[in-house]
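Have a look at the structure below before the remarks.
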Protein chains: 2
Amino acid sequence: MSWRKETRRAERGYHHGNLKEALLQAALGLIAEKGAAGFTFADAARMAGVSPAAPYRHFRDREELLSSIAQRGFEQFEALLTQAWDDGRPDTVTAFERVGKAYLAFARNEPAFYSAMFESGLPVDANPTLMAASERAFGIIRAAAERLAALAPPGTPRPPAMMMALHIWSMSHGVASLFGRGDAARRKLPMSAEDLLEAEVLIYLRGLGFPTDRRPAAADQKPSGPPPVPPAGPWGTPK
Amino acid sequence: MSWRKETRRAERGYHHGNLKEALLQAALGLIAEKGAAGFTFADAARMAGVSPAAPYRHFRDREELLSSIAQRGFEQFEALLTQAWDDGRPDTVTAFERVGKAYLAFARNEPAFYSAMFESGLPVDANPTLMAASERAFGIIRAAAERLAALAPPGTPRPPAMMMALHIWSMSHGVASLFGRGDAARRKLPMSAEDLLEAEVLIYLRGLGFPTDRRPAAADQKPSGPPPVPPAGPWGTPK
DNA sequence: CGGCTCATGTAAAAGCCGTTCACATGAGCT
DNA sequence: AGCTCATGTGAACGGCTTTTACATGAGCCG
């Protein structure tokens with residue numbers, strides 16, 4: 001029996017022992033449930049079994065708790081994007097699309113973090129730590145764009161990597177915000193958010209001159225290996 | 001001296017005369033100032049010079065006021081998009097891009113409406129009237145995409161208009177959300193949000209096979225007339 | 001072990017907000 | 001003139017945020 005030294009039992013005595021962490025977890029659950037706006041400091045305290053004033057020993061105010069969550073969110077986000085990018089393996093275009101999908105997956109699987117990070121209205125640029133975490137996450141997208149830009153087909157002007165990164169970011173964020181959430185503000189879609197974004201990115205990359213129809217950028221990585229399943233095109237099979 | 005029969009003078013007697021409208025205006029200002037989350041029912045009442053209970057004669061609760069504002073927002077949004085689209089004049093691609101810019105302009109110029117419509121977390125799909133207004137606004141983008149899809153270059157499979165519309169919407173929304181606001185959550189950009197979106201849409205359209213470098217789709221409208229200023233490409237002059 | 005100290009938690013209170021209800025007012029109609 | 005009902009008021013309830021004074025006990029020092 002693993003007796004985690006945690007929020008088990010209300011008779012934990014006067015001192016909680018791990019309140020800060022418990023509050024963060026409680027808040028995460030509450031935000032996922034009722035949105036960043038509906039989340040309540042007092043509720044988190046109640047859920048942790050402490051008085052409404054206790055949280056103030058660990059967070060200056062409600063906003064700082066939110067910031068902490070956003071901070072963690074950006075860190076997890078960065079980790080997820082890093083993993084998705086996987087340093088561009090097996091090939092740059094494939095990895096690039098995986099990053100886009102990871103963005104969506106994060107929005108869908110971690111609505112609380114996503115909400116705190118992008119929809120809570122907290123001033124990201126006012127908090128240097130938060131800002132830095134945000135920049136690091138975006139840095140992954142930017143690094144991926146850098147690699148992709150370097151593979152621009154010869155003869156065409158090379159697209160600025162920063163611009164590409166911003167474009168990919170805005171596409172991912174737009175799709176995630178409009179269609180990628182569990183049930184809030186959902187709209188009827190003829191396709192999944194994932195497919196929508198994938199097609200969008202593919203069309204965009206094609207617009208930059210990247211070959212995307214068959215094996216993408218075969219000269220990119222080691223030229224051997226089994227060819228991935230060739231997609232029929234950016235929007236399924238044209239009938 | 002135009003004595004508008006409005007919120008002039010506090011001595012308006014027991015009855016305000018135009019409270020509903022005054023509340024909407026007050027709320028609009030407050031939301032623009034402090035965000036949809038920070039906006040307060042009591043504050044709106046105070047600003048209109050009535051007691052905190054008065055608004056309940058005109059709105060079931062705070063959320064209904066927010067809904068009303070979102071409703072109006074979608075209507076103005078639709079009007080703006082309609083005007084920008086201008087039935088595809090002078091040519092489809094130009095008008096299409098104008099729609100994208102109008103989206104951005106709306107987000108920038110009407111932050112309160114935009115906030116209520118997209119960032120307030122209100123359940124759009126739970127309110128049929130609101131939903132309908134939202135659909136009508138999106139309908140403009142969809143109609144524009146329809147016209148554009150019909151012009152797809154021969155020989156290539158014709159892209160589904162709905163998909164194009166969703167793509168354009170997500171791009172516009174993504175750029176607007178991330179970079180297009182006054183000062184909240186602003187990020188440093190190497191270019192304006194407008195230019196960023198324009199380049200994004202151009203690259204996307206090119207990816208669909210539309211000619212966008214010189215005179216866009218010259219065969220689209222009346223073939224004569226002065227050629228518009230030819231853009232150097234989607235991302236300025238390659239140096 | 002005894003005692004000190006300080007981080008951590010509590011209780012109470014002030015001020016705000018949303019919401020409701022009984023009541024007041026007066027605009028508009030007959 | 002008088003009636004009626006939409007519209008506004010005041011007071012009250014419960015909940016939230018935040019502050020302040022006080023309580024507790026974990027960890028350290030001798």
Side-chain angles (χ1 to χ4, degrees), chain A residues 5-31 33-69 116 120-123, chain B residues 5-31 33-70 115-116 120-123:
Chain A
K5 188 189 173 185
E6 258 196 20
T7 331
R8 221 53 227 139
R9 311 179 67 89
E11 306 86 346
R12 183 136 308 289
Y14 201 84
H15 289 289
H16 184 288
N18 202 13
L19 184 53
K20 185 161 189 173
E21 192 55 34
L23 286 172
L24 285 168
Q25 294 302 330
L28 215 44
L30 288 170
I31 293 174
E33 193 180 332
K34 310 192 291 185
F39 143 73
T40 268
F41 217 30
D43 245 343
R46 207 169 302 135
M47 190 157 304
V50 295
S51 81
Y56 289 84
R57 295 294 176 195
H58 301 276
F59 303 96
R60 200 181 338 91
D61 52 18
R62 180 179 176 282
E63 185 173 310
E64 193 180 277
L65 206 178
L66 228 53
S67 279
S68 294
I69 288 186
S120 63
L122 45 89
Chain B
K5 187 192 174 183
E6 259 196 18
T7 331
R8 224 49 229 141
R9 313 177 69 88
E11 307 85 344
R12 185 139 306 290
Y14 201 84
H15 289 288
H16 183 288
N18 202 14
L19 184 53
K20 185 162 190 172
E21 192 55 34
L23 286 173
L24 286 167
Q25 294 302 330
L28 215 45
L30 288 170
I31 292 173
E33 194 180 330
K34 310 192 291 183
F39 143 74
T40 269
F41 217 29
D43 244 342
R46 206 168 303 134
M47 191 159 303
V50 297
S51 80
Y56 290 84
R57 295 295 176 196
H58 300 276
F59 303 95
R60 195 178 346 91
D61 53 18
R62 182 180 174 281
E63 185 173 310
E64 192 179 278
L65 206 178
L66 228 52
S67 278
S68 295
I69 289 187
S115 192
S120 63
L122 39 90

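Note on naming: letters A, B, ... go to the chains in the order of the sequence lines (proteins, then strands), and numbering restarts at 1 for each one.
What separates CG of B:L30 from C1' of C:dC17 is a distance of 14 Å, to the nearest Å. The OH atom of B:Y56 sits 17 Å away from the P atom of C:dA22 (whole-angstrom rounding). The CZ atom of B:R62 sits 8 Å away from the P atom of C:dT19 (whole-angstrom rounding). Counting to the nearest Å, the P atom of C:dC16 and the CZ atom of B:R46 are 8 Å from each other. Regarding A:D61, its CG atom lies at a distance of 16 Å from the C1' atom of C:dC16, rounded to whole Å. Between the NZ atom of A:K20 and the P atom of C:dA7 there is a distance of 14 Å, rounded to whole Å. A straight line from CZ of A:F59 to P of D:dT17 spans 14 Å, rounded to a whole angstrom. For the pair B:H16 NE2 and D:dT7 C1', the computed distance is 12 Å after rounding to whole Å.
Of all the heavy atoms in B:A48 and B:L19, the pair that sits closest is CB-CD1, 3.8 Å. In terms of heavy-atom proximity, B:A116 sits nearest to B:L66 at CB-O, 4.3 Å.
Between the A:D61 side chain and the A:E64 main chain, a donor and an acceptor come within less than 3.5 Å of each other.
Residue-to-nucleotide contacts include a donor-acceptor pair under 3.5 Å from the side chain of A:R57 to the base of C:dG9.
Among the atoms of the strands shown, only primed sugar atoms or phosphate atoms (P, OP1, OP2) are found under 4.0 Å from some heavy atom of A:T40. No engagement by B:G38 is indicated, since no non-hydrogen atom pair under 4.0 Å with the nucleic acid exists. Within the 4.0 angstrom heavy-atom criterion, base atoms lie near B:A54.
How far OG1 of B:T40 is from CZ of B:R62: 6.5 Å, rounded to the nearest 0.5 Å.
Residue A:H58 places no side-chain N or O under 4.0 Å from the OP1 or OP2 atom of C:dA7.
Of the candidate nucleotides C:dT10, D:dT17, D:dT9, D:dT9 has the atom lying nearest to any side-chain atom of B:V50. The listed nucleotides are D:dT19, D:dT9, C:dG18; the one nearest the side chain of A:A53 is D:dT19.
Checking each of B:P123, B:S120, B:S68 against B:E63 for a side-chain contact (heavy atoms from CB on, under 4.5 Å) leaves exactly one that passes, namely B:P123.
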